[in-house]
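As C-alpha cells, the structure follows; a few thoughts come after it.
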Amino acid sequence: MGSASTTSITIVASGGTTLAQQQTDVDGAILDNVDMQASGAVSLTATGGNYDGTADGHGIDAYALNVNAGSISLSGTCIGNAKAIWLGTCNLTATGDITLTGTNSPNMSVASSGDNDGIFFNVGSLTSGGTVSLTGTAKAGGEGIDLVDCAVSAVSVTVLGNSDNSDAVILNVTLTVSVSVSITGTCSGGTGDNDGVVLSSCVMDIGGDATISGTAKDGGEAIQIGSTTISLDAGILQMTGTSVNSDSLDFSAATIEAESIVMTASRSALFIDSSITSSDDLSVTANNTATAAGTFTGITVTNSTLSSQGSGNLSLTGKGGTTTVTVGGNEGVATFGTSVIQ
C-alpha cells in the first residue's frame with residue numbers, strides 16, 4: 001500500500017438486533033479483500049449474529065483485510081451463535097496502538113450453542129508501534145481468544161480472554177515485544193477440558209517482564225505450554241495457574257529462559273521434556289496450602305532441566321493431594337528420567 005491520503009476511517013455497522021431481523025446468518029460487517037489506509041485512526045464497530053444456530057453471522061467477518069494506520073480499533077459483538085470477530089489472512093499495521101475487542105453476547109430466548117469465539121484470527125499479523133490489546137469474551141463452546149499462525153510485534157502486548165465452557169486463550173503465535181507482555185485466560189464454568197491459557201508452537205521474544213495467568217474449570221489445565229520457546233532478554237516471568245481437577249501448570253517440550261522465574265500452581269505442576277532456565281532465581285510452588293483434593297503429585301519433573309544459573313537460587317515447593325491413598329500417589333516432588341535440577 002502507498003501513502004495514506006485519508007486522516008481517519010470510521011465504520012459503524014449492524015446486521016440487525018432483533019429476532020425478526022436475524023432469523024438466519026447476518027454479519028455485522030463483511031470485509032473481503034480490502035485495503036485501508038489512514039494517517040490517523042481506523043475504527044470499526046459492528047454487531048452481528050444469528051438466531052437459528054447455524055455457523056455464521058459474525059460481528060466482524062474479514063478476509064484478506066490489510067490496514068495501515070496511525071491506530072486501529074476493531075470492536076465486534078455477536079448476539080447469536082457465531083464469532084464476535086473472525087479474521088482470516090489479515091494484516092493490521094499501526095504506528096500507534098492496535099485494539100481488538102470481541103464480545104459474544106447472545107440476545108435470544110434460547111441458550112447459545114456452538115463455537116462462539118470472542119476473537120478468532122487465522123493467519124496474519126499485528127504490527128504496532130505501541131500496545132496490542134486483545135480482549136475476547138466467548139459463550140458456549142467458544143474460545144475467548146484463538147490466534148492461529150499469527151505474528152505479533154509491539155512495544156507491549158495485553159491478552160485477556162474469558163470463556164464459560166471452553167479454553168479462554170489459545171495462542172499459536174510468533175511474538176516479538178520490546179517491553180512487556182500480560183496474558184490472562186479465565187474459564188468460568190462448563191465441563192470437560194476447559195483450559196485457561198494454551199500456548200502451542202509459539203516463539204516469544206520479550207524484552208522486559210511477562211505475566212501469564214490462567215484459571216481452568218473441570219478437567220482443564222490452567223496454563224498448558226507445548227512445543228514453545230519463551231525468551232525474556234532481561235525480565236521477570238511470573239506464571240500463576242489455578243485449576244480444579246488437572247494440572248495447574250502443564251509444560252511439554254517447552255523452553256523458557258528469563259532473568260527471574262516465579263511459577264505458582266494452585267494444584268500441581270508438570271514438566272515433560274522441557275528446559276526452564278533462570279539467570280537469577282527460579283521458584284516453583286505447587287499446592288502450597290495443601291488443600292487441593294485428589295490424588296496427585298505436587299511437582300513432577302520428567303526428562304527436563306530446571307536450572308538457576310549465576311548467583312541465583314532454585315526453589316521447588318510441592319505438596320501432594322489430600323485424598324487418602326494406601327500406597328504412593330501424593331508425593332510432593334517427583335523426578336523421573338534424565339532430569340537435571342541445578
- Task: May I ask you to check whether Thr47 and Ser14 show a side-chain donor-acceptor distance below 3.5 Å?
- Result: no

- Side chain to side chain, Met204 and Val173, heavy atoms closer than 4.5 Å: yes

- Message: Taking the side chain as everything from C-beta on, heavy atoms only, tell me whether Thr255 gets closer than 4.5 Å to Ile276.
- Response: no

- Item | Backbone N/O of Gly189 and side chain of Asn194: donor-acceptor pair under 3.5 Å | yes

- Task: Using a 4.5 Å cut-off on heavy atoms from C-beta on, say whether the side chain of Val157 contacts that of Ile206.
- Result: no

- Side-chain H-bond candidate by donor/acceptor type, Asn172 with Ser201, under 3.5 Å: no

- Step by step, work out the side chain to side chain contact (heavy atoms under 4.5 Å, CB included) result for Glu257 and Ile230. CA-CA 6 Å; Glu257 298 178 351; Ile230 301 175; over 6 Å; no

- Item | Residue pair Glu259 / Ser279, side-chain donor-acceptor N/O under 3.5 Å | no

- Qualifying residue, where the test is side-chain contact (heavy atoms from CB on, under 4.5 Å) with Met239 and the options are Val284, Val262, Ile256, Thr211: Ile256

- Query: Where is the tightest heavy-atom contact between Ser231 and Thr229, given as atom of each residue plus distance?
  - Reply: OG-CG2, 3.9 Å

- Message: Any donor-acceptor pair under 3.5 Å linking the side-chain atoms of Glu221 with those of Ser246?
- Response: yes

- Tell me, do Met36 and Ile72 make a side-chain contact under 4.5 Å, heavy atoms counted? no

- Message: Consider side-chain hydrogen bond (donor to acceptor under 3.5 Å, both in side chains). Of Asn91, Thr174, Thr93, which one does Ser125 pass it with?
- Response: Asn91

- Query: Do the side chains of Thr191 and Asp218 get nearer than 4.5 Å, heavy atoms only?
  - Reply: yes

- Query: Taking atom types as modelled, is there a side-chain donor on Ser304 or Ser274 under 3.5 Å from an acceptor on the other?
  - Reply: no

- Candidate list Ile183, Ile170, Thr184, Thr186, test side-chain contact (heavy atoms from CB on, under 4.5 Å), partner Val197, passing option: Ile183

- Message: Testing Ile212, Thr264, Ile225, Ile223 one by one against Leu249 for a side-chain contact (heavy atoms from CB on, under 4.5 Å), which residue passes?
- Response: Ile223

- Is it true that a side-chain atom of Ser278 and a backbone atom of Asp281 form a donor plus acceptor pair closer than 3.5 Å? yes

- Can you run down the ring-ring contact (aromatic ring centres under 6.0 Å, His included) pairs that involve residues 265-294, sequence neighbours left out, and say none if there aren't any? Phe251-Phe271

